[in-house]
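The structure appears below as structure tokens.
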Amino acid sequence: MSRFPYLRQDFAASIVVFLVAVPLCVGVAVASGVPAELGLVTGIVGGLVTGLMPGSSLQVSGPAAGLTVLVFEAVSEFGVAALGVIVLFAGLLQLAMGFVRIGRWFRAISVAVVEGMLCGIGLVIIAGQIYAAAGLKAPETGIGKIVGVPGALADALGSTEALTSLAIGAGTIAVIVLWKKLPKAVQAVPGALAAVMLATIVSLAFSLPVATVEVEGLLGVIQPPGSEAFGELASPAIWGTIIAFALIASAESLFSAAAVDRLHDGPRTEYNKEMIAQGAGNTVCGLLGALPMTAVIVRSSANVQAGAKTKASRVLHGVWLLLFAAALPSALALIPLSALAGILVHAGWKLIPFRQVAELWRGHKGEALILIVTAVSIVAVNMFEGVLIGLALAVVKTAWEASHLKTEVIDKGAGPIQVYLSGNATFLRLPKILDSLEALPQDRPIEVDLSGLHHLDHACRTALETWAERHSAPDTDPVKVTTAEPVKATTP
């Protein structure tokens, strides 16, 4: 026992994490368009492979709602058989990034872009799962899903089966929300699990006409990628998906690690090692033809709150998932699909950062705009391009703010006109600088003081020298330029 001083706490926490993970693993798989068991496979790998590796001691990995949209798009375009290849090479890319030690650089990604990404994903998940809850086929595009929701609900009103299915989904969400208001002793059972169990019991007791999870068996769904799947690598399109998987999964995992570190006082995350652990897990998932994994904040926070002290809790949760998938796969066939849709609607709602948007709008409207544009782009285009648009906008905003410049002109009516420039003089502000200088009269002496500049780039320096040489009239004193670093000015 001395070798495992926290075994009791870790064992108890592993049970809680297992109970939280089961409905989420199954729900994410079904929403991604793959067999339910593949979600469990990814959860098992997250516990037994990634869980054993160094990086973040209390963070728990598995299939995440945040990748649902991207996985569904990939499966729709390339097929389930190619999913293993995509996940495999995404994992190898993560391993490479970890080994060359760029994991910590993901912490530099604009928080507004990440929040916008989660917001866009949340909106698409909610819209898509409303159709699933009603037993209807969802449109393929994000915009189509959102725009078509009123029509889908209207169609559901005319069908008893659709209304029943929708009621199961709505009831699942209600149980999850209200579960947190019950006594602590009752909350020992996770709300999502309780909601799924209640939905299953109700549908069985009343023989409700609702669709349930299709079960193929654990060994039946594990399909290592074959030669045809590897042949897909000849398509440039699949490489964009691979890069998207790797970058988005890495960003989500490392941001989750930062959040989990704030929840406990134990060892801090080693970001490059965590990147390697995530890459190893995704490589194994790819070889098994399973879903991609990320660190999942829901499971990770449940792990910390349940009293986990070491990585043993997340490894044990993988053991329990393996035993469940091997011994009780038939139990999955009893779960209504609409109940899983309800769980994912709730998960999607939690991805939308309402509070952060409000705070950013009050204090940093530019960041709020980046968040909103990223979210809208993901809904309107797709995940990968939406994130790239958000990152590009963040870079442009940073460059613009970094070139902040103040120009002050003082003319006392007699003597030289004094011009003070302060801030950062970059090419982005060059039109403003030249407009101010070229508006000055040519028949008056001019003194330009650049000592307040923190930065003067080559374009601005060259433009200032050219303006100073050409500005003054022949019988007027040349422009005088003073700065910490000499700037060429005209001579008599």
Contacts of Leu388 that satisfy side chain to side chain contact (heavy atoms under 4.5 Å, CB included) - sequence neighbours left out: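 Counting only residues at least two positions away or on another chain, Leu388 forms a side chain to side chain contact (heavy atoms under 4.5 Å, CB included) with Phe384.
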Restricting to non-hydrogen atoms, name the atom on [X] and the atom on [Y] that form the minimum distance, rounded to 0.1 Å.
X: Cys460; Y: Asp457; value: N-OD1, 2.9 Å
X: Gly348; Y: Ile125; value: CA-CG2, 4.3 Å
X: Leu48; Y: Val315; value: CD2-O, 3.6 Å
X: Ser61; Y: Met293; value: CB-SD, 3.8 Å
X: Ala64; Y: Thr294; value: CB-OG1, 3.1 Å
X: Ala257; Y: Thr269; value: CB-OG1, 3.6 Å

Where do Tyr131 and Val149 land on the side chain to side chain contact (heavy atoms under 4.5 Å, CB included) test, with the steps shown first? CA-CA 8 Å; Tyr131 294 88; Val149 165; 4.1 Å; yes
Gln59 CD to Ser300 OG distance, which is reported to the nearest 0.5 Å: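 So the CD of Gln59 and the OG of Ser300 are separated by 4.5 Å.
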Working to the nearest 0.5 angstrom, can you tell me the gap between Thr50 OG1 and Ile44 CD1?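 One gets 13.0 Å once the value is rounded to the nearest 0.5 Å.
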Under a 3.5 Å distance rule, please check whether [X] uses its side chain to pair with a backbone N or O of [Y] as donor and acceptor.
X: Lys365; Y: Trp361; answer: yes
X: Trp239; Y: Leu233; answer: yes
X: Arg355; Y: Pro353; answer: no
X: Arg299; Y: Val17; answer: no
X: Lys145; Y: Pro139; answer: yes
X: Asp10; Y: Lys309; answer: yes

Can you tell if the side chain of Pro224 reaches within under 4.5 Å of the side chain of Leu287, non-hydrogen atoms only?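 No, side chains not in contact.
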Only one of Met97, Arg101, Glu270, Met53 forms a side chain to side chain contact (heavy atoms under 4.5 Å, CB included) with Ile276, so which one is it?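 So, applying the side chain to side chain contact (heavy atoms under 4.5 Å, CB included) to Ile276 and each of Met97, Arg101, Glu270, Met53, only Met53 qualifies.
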For Gln94 and Ser250, does a side-chain donor sit closer than 3.5 Å to a side-chain acceptor?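 Yes.
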